Amino acid sequence: MSDDPFVTHRSLLFTVAYEMLGSAADAEDVVQESWLKWMGVDQDEVREPRAYLVRIVTRAALDRLRALARRREEYVGEWLPEPLLTSPDVADDVELADSLSMAMLLVLETLTPTERAVFVLREVFALEYEELADAVDKTPAAVRQIAHRARAHVSARRPRSDVTQTEAQGVMAAFKRAVEVGDLQGLADILAPDVVLLGDGGGIKQAVPRPVLGADKVARLLVAGMAKVGTGLVFEPAQLNGWPALIARFEGELDSIIALRLEDGLISGIYAVRNPEKLTRVEHETSVRR
């Protein structure tokens, strides 16, 4: 039914769940679970369907987030969010693109489940405190305190400067060029001194087992790795999670994605996702919206 509020708001509901979970697969499960709950209510009695649906999804995502805690602890190697191929218009919504970025999703991982829900719903989706209280089963006063604590926590950990899409494209192009030609100095010039490289193979594909720190180490590792695989590895520019990124193919087959964290014009974080279970959303666009 095209006039079904669930259908109307499905992209929004997926985005809420994804920002809370960092996993498209789990977000889809939450959305499906929420649809079943929606089918079981008397919809004529629901005065504000959007708020009602966001509440259902938030509660389901909170349950899922708590259940995932053990799974994340047992994950082989570094855990990175599941990347999404997004449409160009997502980049036009600066706040949405910022909240979807790999860097921000990793910052959100450092919050408690309730803090994450409150931050996402308040800062990204602009819910009122009364709506938030209903969604997370807290009083409005408690939610205000949680929101303040979460905002301070995120502010201390998020990238320290605003970066435009044009600037990000320029840095990504310079990074691609330097890696492809093995330009060690060119690469070092665009890396922050304390840059960190994280790789996620999920125990399925080979990836750096732990964070690699420092511009010199990261640059040498990338150049050596590219020299090892030779010309079989090709990088394609893409828009992932609202930002310029690279999709890597080895001899024509999807191999990995590379996303960057930028601060003050330099690359402070490099995120390489190789786990094939997390690469199912980079070939086709996923609809996300606020």
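Just so it is clear, the values below take in all heavy atoms, side chains as well, and ignore hydrogens, waters and symmetry mates. On a predicted model such as this, the values are computed, not experimentally measured, just so you know.
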For Val273, which fellow cluster members are found when Ile, Leu, Val, Met, Phe, Trp and Tyr are connected by side-chain heavy-atom distances below 4.5 angstrom, either directly or through intermediates?
-> Leu80, Leu85, Met102, Leu106, Val196, Leu198, Leu213, Leu240, Ile247, Leu254, Ile257, Tyr271, Leu279, Val282
Once you round to the nearest 0.5 Å, how far does CD of Glu19 lie from CE of Met104?
-> 9.0 Å
Results of side chain to side chain donor-acceptor pair (under 3.5 Å) for Arg160 - residues two or more places apart only = Glu263
Lys37: partners by salt bridge (charged side-chain N to carboxylate O under 4.0 Å, His left out), with sequence neighbours left out = Glu33
Any chance you could lay out the side chain to side chain contact (heavy atoms under 4.5 Å, CB included) test for Asp42 and Asp44, step after step, and finish with the verdict?
-> CA-CA 6 Å; Asp42 183 351; Asp44 292 334; 3.6 Å; yes
Under the side chain to side chain contact (heavy atoms under 4.5 Å, CB included) rule, collect the residues that match up with Pro193, sequence neighbours excluded.
-> none
Is the side chain of Thr15 donor-acceptor paired with the backbone N or O of Arg290 at a distance under 3.5 Å, no angle test?
-> no
Rounded to the nearest 0.5 angstrom, the CG-OG1 distance for Leu132 and Thr139 is 11.5 Å
Calculate, to the nearest 0.5 Å, the distance between atoms CG and CZ belonging to Leu108 and Arg158 respectively.
-> 9.0 Å
CD/Glu180: more than 12 non-hydrogen atoms of other groups inside 6.0 Å | yes
Taking all non-hydrogen atoms of both residues, which atom of Val212 and which atom of Leu221 are closest, and how far apart?
-> CG2-CD2, 3.9 Å
Listed by chain and number, what are the side chain to side chain donor-acceptor pair (under 3.5 Å) partners of Thr112, not counting sequence neighbours?
-> Glu115
Measure the shortest side-chain to side-chain distance between Pro5 and Leu53 over non-hydrogen atoms and say whether it is less than 4.5 angstrom.
-> yes
Same apolar cluster: Leu96 and Val163, side chain cutoff 4.5 Å = no
So side chain to side chain donor-acceptor pair (under 3.5 Å) across residues 236-253, not counting sequence neighbours, yields Tyr18-Asn241, Gln165-Gln239, Glu236-Arg249, Arg249-Glu283
Which is it for Met39 and Trp35 under the side chain to side chain contact (heavy atoms under 4.5 Å, CB included) test, yes or no, and what are the steps along the way?
-> CA-CA 6 Å; Met39 289 295 100; Trp35 178 78; 3.6 Å; yes
Spatial distance of atom CZ (Phe119) from atom CZ (Arg149) [nearest 0.5 Å] = 13.5 Å
Could you list the residues that satisfy side chain to side chain contact (heavy atoms under 4.5 Å, CB included) with Ser23, not counting sequence neighbours?
-> Ala25, Asp26, Glu82
Arg157 side chain to His153 main-chain N or O, any donor-acceptor pair under 3.5 Å?
-> yes
So, Arg274 side chain and Ser256 main chain: donor-acceptor pair closer than 3.5 Å or not?
-> no
Check the pair Leu21, Leu65 against side chain to side chain contact (heavy atoms under 4.5 Å, CB included), reporting the backbone distance first and the verdict last.
-> CA-CA 6 Å; Leu21 299 167; Leu65 197 55; 3.8 Å; yes
If you measure from CG on Leu187 to CZ on Arg220, what distance do you get to the nearest 0.5 Å?
-> 11.0 Å
Should Val46 and Leu12 be regarded as members of a common hydrophobic cluster, given that ILVMFWY residues are connected when their side-chain heavy atoms come within less than 4.5 Å of each other, either directly or indirectly?
-> yes
Rounded distance [0.5 Å steps], CG in Asp4 versus CD in Gln43 | 5.5 Å
Who pairs with Asp189 by side chain to side chain donor-acceptor pair (under 3.5 Å), at least two apart in sequence or on another chain?
-> Gln185
Heavy-atom count around Lys205 NZ within 6.0 Å, excluding the residue itself: above 12?
-> yes
Shared ILVMFWY cluster between Tyr129 and Val154, side chains joined below 4.5 angstrom?
-> yes
Name all residues meeting the side chain to side chain contact (heavy atoms under 4.5 Å, CB included) criterion together with Arg59; count only those two or more places apart in sequence or in a different chain, and write none if there are none.
-> Arg55, Asp134
Starting from the C-alpha separation in whole Å, work towards a yes-or-no answer on side chain to side chain contact (heavy atoms under 4.5 Å, CB included) for Phe125 and Thr58.
-> CA-CA 12 Å; Phe125 298 96; Thr58 299; over 6 Å; no
Beyond-backbone contact of Glu167 with Leu262, side-chain heavy atoms, under 4.5 angstrom = no
The side chain to side chain contact (heavy atoms under 4.5 Å, CB included) partners of Ser87 (sequence neighbours excluded) come to Asp89, Val90, Glu285
Closest non-hydrogen contact found for Phe14 with Ala24 is CE1-O, 3.8 Å
Note: with side-chain heavy atoms under 4.5 Å as the link, the other cluster members for Trp79 come out as Tyr75
Could I get the full list of salt bridge (charged side-chain N to carboxylate O under 4.0 Å, His left out) partners for Glu74, not counting sequence neighbours?
-> Arg70
Kindly say whether His148 contributes a backbone atom to a donor-acceptor pair with the side chain of Arg122 at under 3.5 angstrom?
-> no
